[in-house]
Structures are given as C-alpha cells and as structure tokens.
Amino acid sequence: MVNLLILLSLTFLSYAYNQTLFIFNQTLDHFHVPYQDAGTFPQRYWIVDNYFNPSYGLVFLYLCGEYECPGVDPTRLFPLQVAKDNKARFVVLEHRYYGESLPYNYSGMLPQLLTYLNAEQALADIAQFIRFLNGEMALTNPGVSFKWVVVGGSYAGGLSGWVKTRYPDLVAVSWASSAVVRPILNFTDFDKQVYLSALKSGQSCVNAIRAVNSLVETQYLANNLGPVTDIFNATAAFQGTPDKRPVLFYITDIMAELIQYGHRTELCDALIAVDNAWDMLKEVAILGDEYGMADPTGYAVNSLGSFVWTPSTAGRQWWWQQCTQFGWMQTPSEYQMRSKYLNLTFWDWYCNAIYNYPGGLPLPDVDIAGYDLNYLGTNILYTNGDEDPWQWAGINVTSTDARPVLLIKCENCGHCVELYTPAPTDPIELTRARINIRSLISKLLRNN
Ligand SMILES: *[C@@H]1O[C@H](CO)[C@@H](O)[C@H](O)[C@H]1NC(C)=O
Ligand SMILES: *[C@@H]1O[C@H](CO)[C@@H](O)[C@H](O)[C@H]1NC(C)=O
Ligand SMILES: *[C@@H]1O[C@H](CO)[C@@H](O)[C@H](O)[C@H]1NC(C)=O
Ligand SMILES: *[C@@H]1O[C@H](CO)[C@@H](O)[C@H](O)[C@H]1NC(C)=O
Ligand SMILES: *[C@@H]1O[C@H](CO)[C@@H](O)[C@H](O)[C@H]1NC(C)=O
Ligand SMILES: *[C@@H]1O[C@H](CO)[C@@H](O)[C@H](O)[C@H]1NC(C)=O
Ligand SMILES: *[C@@H]1O[C@H](CO)[C@@H](O)[C@H](O)[C@H]1NC(C)=O
C-alpha cells in the first residue's frame, strides 16, 4: 500500500505551469482616518491557471513572506501540486515592503516610513486582495462563489493562520506550515531545539557547535575577530561598528540555519570530522556559503541600518518586524548553543543600533501584539518539522484542542519541510505526511 502511494506521489512530479505577473493597487494604511489617507502602493501577484477548472470554485493563495517573492517558488512546488489535484487557480502574493511591493522608492526606508510595516496591515492587504479577486472572478464566472485556501510557511504561515482567524468569511481553509504564531521576546526554546536537533547526531556534534561558539567568543573578548571574519570574507561587512557582538550572532546563526533547513547531518558530520575549532569554523563557512546562509550583510548593523536597498534586501524590514512586534530574540538557553552575550541586553542594543529610532526603540511588548493561541480560529492545518527550532513559536501536537496539528518526524526534517518539491530521496515519513496533508485539506474544505 505504502509503495503504491509513493509511486502515486512521484508520478505527480512532472508538470509544467505558466505564471503571469500582475500589480494590485493596494491601500497603504488600512486603518487611516479619511483626512490622513496615505495613498496606495503597487503589490505584486502572480496567477497560474494551468490546472484551474472554475466550476470547482477553488483558489489557492500562496503567501510570500519576508523576502523578495519569486512568484511560484520552483523549490517549493508541493502547494502547487495540491492546488493542481483540486483543480484550483493558484495565486502568489508578495508581502508589503518586500521585493518590489514597496510603498516608497528604494531610498525611502527611514524608520518613520516603516510605520505601515506590521502584521495587521499585511493581513488587511490579504483580505482586500481576496475581495478584489473575488470581484474580478465573479465577472467571468457568474454564479460560482469561490473558496480560498491560504498557504504560507514560517512568518507567512503565521499570516495564513491569522488571516483565516481575522477574516473567516473570506478564507475557507488555512495551511499554516511551520507557522510562527506566538510572539516571544526571550526565545530560549530556539536555542534548546538547536541542541535537541544536534543531539540526534550525538553529543560530539553538540560539543563541536559549542567549541565553535567558544572560539568566536574568545576572539571577541580578545578584540581579535579579524581571523574569524576573514574565513567568512566578512571582515569588511562588520567594520562599521566598534561593537562586534553581531559576529557572535552571525556565526552561530549559520549553524542554527543549517539545522533549521534540514542540513543537520551534513553540518554535524563536517564538524565531527575535523578536530580543532578553527577547522570547524572553516567547515561552517563552506556549508554556509554552499546554502547561501553566510551573507554578513543580513547581520551587520551598518548594512541593516542603511536606507538604500535592492529588491532582494529584506533584513532591514524583517528586523523591524521583530524589533517592534514579534520579538523572537534568540537568546542562550541552559543548553548553551550560543554565546551568553546574545541575551536580551544584546538584542535591545541591536534593534537600537540598526534603526537609531528617534527617542529610542524599546523591545516589543509581545503580550499586547494580540496574536496568541486564543486568537486562532478553526479550519487551520498546522504543520511543523521535528528538527526545526522555530516550532516552539508555533502550535504543537500537545495542544489540547481539536486543531489538526502535524509534527513531521524524520531525519533532517526542518522548517516548512513539506512545502518543498517532493523528491525521490525524501524520507518515507515526509511522503506520508504529504499524503496526509492532501486529504486533511480536502476534509477541511468539506467542513466549510
Ligand atoms: C506556457 O506558455 C507558453 C507560451 O505561451 C506555451 O507555449 C506553453 O505551452 C505554456 N505551458 C503550459 C504548461 O501551459
Ligand atoms: C490607485 O488607487 C488610488 C486611489 O485609491 C488612485 O488614486 C490611483 O489612480 C490608483 N492607481 C492605479 C494605477 O490604478
Ligand atoms: C524617495 O522617497 C522619499 C520618501 O518618500 C522622498 O523623500 C524622496 O524624495 C524620494 N526620492 C526619489 C528619488 O524619488
Ligand atoms: C530568558 O529565559 C531564560 C530561560 O527561561 C531565563 O533564564 C532568563 O532569565 C530570561 N531572561 C530574561 C531577561 O527574562
Ligand atoms: C568578499 O566580500 C566583498 C564585500 O565585502 C565582496 O565584494 C567580494 O566579492 C567577496 N569575495 C568573495 C570571494 O566572496
Ligand atoms: C547580558 O549579558 C551581559 C554580559 O554578560 C550582562 O552584563 C547583562 O547583565 C546580561 N543581561 C541580561 C538581561 O541578563
Ligand atoms: C506546546 O504549546 C503550548 C502552548 O503554546 C506550550 O505551553 C507548551 O510548552 C508546548 N509544549 C511542547 C511539548 O511543545
């Protein structure tokens, strides 16, 4: 039976699609009073109609998150595959302030102008966009009322859960992949999960990660980080500020991200194979480079503080969202997978150093953000990868209510793992989870 299912899922792998880019004239401030109208901005979206049969009345909306939206992400085709199975239109929406969905020109990213960058506005964008497209589709498909399935991963997974909650009559089903729905200021559980995941490769991997962090910390204390950052070609990037704590974060975060994105065994094998911390550091640099996780401009205060950016620059906007709304400050836990200097004192300094906000920027009061478990509605499917440190800001299987929650337990199964394009090398547990997700979505659609 299982073999047959695998075969079935593999045969779905070969399909082609065409996407068309459109621009939506989006309201910049959804909560304005009329005499303070802030105007509009161009929001990008893409439509794939290759599998669309309007009489089925379904639209899948894939939310891009805190990055330049590629339209359909060719590395994450599983949602498109599910849309295809359901004969749905597939739509992809870029998030405000990212990529080319910018309210201001590229040089206008002063802190004051970031005011309209928050989750409430982004959710209202999604609602307004759904109403707009419903209106358009009603013209060409009289008599059909469309049901929407909103899909997203990580922060966009959170948006997917929240939009279903806030606008229940616009959204039928939410598929919230590795959704970070709980703002947390002192996010020690992230560090703890880095430990638990590394431990799957044995205590020697845990020790190796600690050895790397401790080497970097020693160099930091000796005011001699040059030899460390040289290995990463990151010396120039961190030159801008005399305070070098961001380097402690940079190096440890490359290791955390490798684990987060399912490269745990690769990282651990590489670290364990060498026997001194300098050589381990070189392995971190090699893997970080290979997976595009070692760009220091996403960490250095100077580049995050710059008002000038290209569509692919996302760090300045995303840190704004963390510093003012979500927190998720990755602080050391008792499991010590990062330097003790990366505590809340550091994060407070970091946010202020980046934005230099007039009057100072206090760390966010995440409890008043209004996003907690009690705000989460029904017909939302939550998924998490077992090795993903972000799962602790999400909904877990021990939640006592009836929400469908799926913990995907397998080797190297990390953040948003099921969204990726199915591959023959996937662990059997992941293939099973995808089959399960398909049928859960059909079930939730019938509920609605
Ligand atoms: C995509 O568009 C091109 C050019 O219009 C067309 O030749 C091709 O058949 C289309 N592919 C699909 C899968 O519809
Ligand atoms: C966008 O909407 C505003 C009013 O909300 C209008 O002034 C403007 O002309 C519109 N732009 C386009 C391109 O439709
Ligand atoms: C860019 O936007 C900012 C803020 O709105 C404005 O002050 C500046 O003049 C704009 N620059 C250009 C070149 O349009
Ligand atoms: C952060 O959480 C850890 C673990 O619960 C705790 O030991 C530490 O005191 C907390 N830090 C702050 C500033 O609350
Ligand atoms: C090293 O970093 C500089 C920017 O600081 C960049 O221009 C250069 O291309 C980088 N070199 C390599 C080999 O990545
Ligand atoms: C963070 O660590 C620094 C250096 O050890 C220390 O001075 C500071 O009090 C710590 N802050 C918190 C909130 O624990
Ligand atoms: C599960 O989530 C609840 C609510 O957020 C949290 O209190 C609990 O610690 C979590 N438990 C596990 C095992 O993840």
Side-chain angles (χ1 to χ4, degrees), residues 180 182-196 210 213-223 225-254 256-257 281-306 308-310 312-313 315-316 322-323 326-353 360-369 372 389-393 396:
V180 286
R182 293 192 300 135
I184 297 169
L185 185 57
N186 182 21
F187 196 11
T188 52
D189 280 343
F190 187 97
D191 189 73
K192 175 181 168 184
Q193 185 62 49
V194 171
Y195 164 78
L196 291 173
R210 285 183 187 148
N213 287 329
S214 144
L215 168 66
V216 180
E217 194 180 289
T218 303
Q219 296 297 119
Y220 161 73
L221 289 172
N223 201 14
L225 277 169
V228 171
T229 47
D230 279 351
I231 295 175
F232 293 78
N233 186 31
T235 303
F238 287 106
Q239 228 140 37
T241 45
D243 191 324
K244 301 292 184 218
R245 281 175 293 175
V247 177
L248 300 171
F249 171 47
Y250 167 62
I251 308 273
T252 208
D253 199 50
I254 296 173
E257 286 212 0
L281 206 52
K282 287 178 193 145
E283 298 299 329
V284 175
I286 291 168
L287 287 173
D289 245 15
E290 184 180 338
Y291 292 108
M293 292 163 183
D295 179 0
T297 62
Y299 297 85
V301 165
N302 256 36
S303 38
L304 291 173
S306 166
V308 179
W309 74 94
T310 64
S312 66
T313 313
R316 179 168 176 80
Q322 288 196 228
C323 291
F326 297 127
W328 294 320
M329 303 308 176
Q330 294 159 20
T331 46
S333 72
E334 60 189 299
Y335 299 95
Q336 300 167 18
M337 299 306 284
R338 65 196 59 231
S339 164
K340 63 177 182 296
Y341 291 97
L342 298 178
N343 61 14
L344 286 182
T345 305
F346 164 74
W347 293 112
D348 189 12
W349 170 83
Y350 196 55
C351 290
N352 279 287
L361 203 59
L363 282 171
D365 183 348
V366 295
D367 295 328
I368 61 163
D372 60 45
W390 287 102
Q391 66 184 284
W392 297 89
N396 59 47

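Values below: every heavy atom of this structure, side chains too, minus hydrogens, waters and symmetry copies. Both ligands and their constituent atoms are indexed starting at 1 by order of listing. This one's a predicted model, so the numbers in the text were calculated from it and none came from an experiment.
Using a 4.0 Å cut-off between heavy atoms, L344 makes no contact with ligand 6 at all.
When heavy-atom distances to ligand 5 are checked against 4.0 Å, the residues falling inside are N233, A236, ordered by chain and number.
Checked by distance only, ligand 4 and T188 stay at 3.5 Å or farther apart across all their nitrogen or oxygen atoms. Residue Y341 places no N or O, backbone or side chain, under 3.5 Å from any N or O of ligand 6.
In this structure, W390 CH2 and W328 CH2 are separated by 6.5 Å, a value rounded to the nearest 0.5 Å. A distance of 9.5 Å separates CG in L304 from CG in N302, rounded to the nearest 0.5 Å. In this structure, the separation between CG on D189 and OH on Y335 is 9.5 Å, given to the nearest 0.5 Å. Distance check: T297 OG1 to Y250 OH gives 9.0 Å after rounding to the nearest 0.5 Å. One finds the CD atom of Q330 at 5.5 Å from the CG atom of D253 (value rounded to the nearest 0.5 Å).
At a cut-off of 3.5 Å, with distance as the only test, no side-chain donor of N213 or S339 sits close to an acceptor on the other residue.
Aromatic pair W347/F249: centroids less than 6.0 angstrom apart.
Residue pairs that meet the salt bridge (Lys or Arg N to Asp or Glu O under 4.0 Å) test with at least one member in residues 333-346, sequence neighbours left out, are D191-R338, E217-K340.
Below 4.0 Å from some heavy atom of N343 lie the following atoms of ligand 6, by number and element: 1 (C), 2 (O), 3 (C), 8 (C), 10 (C), 11 (N), 12 (C), 14 (O).
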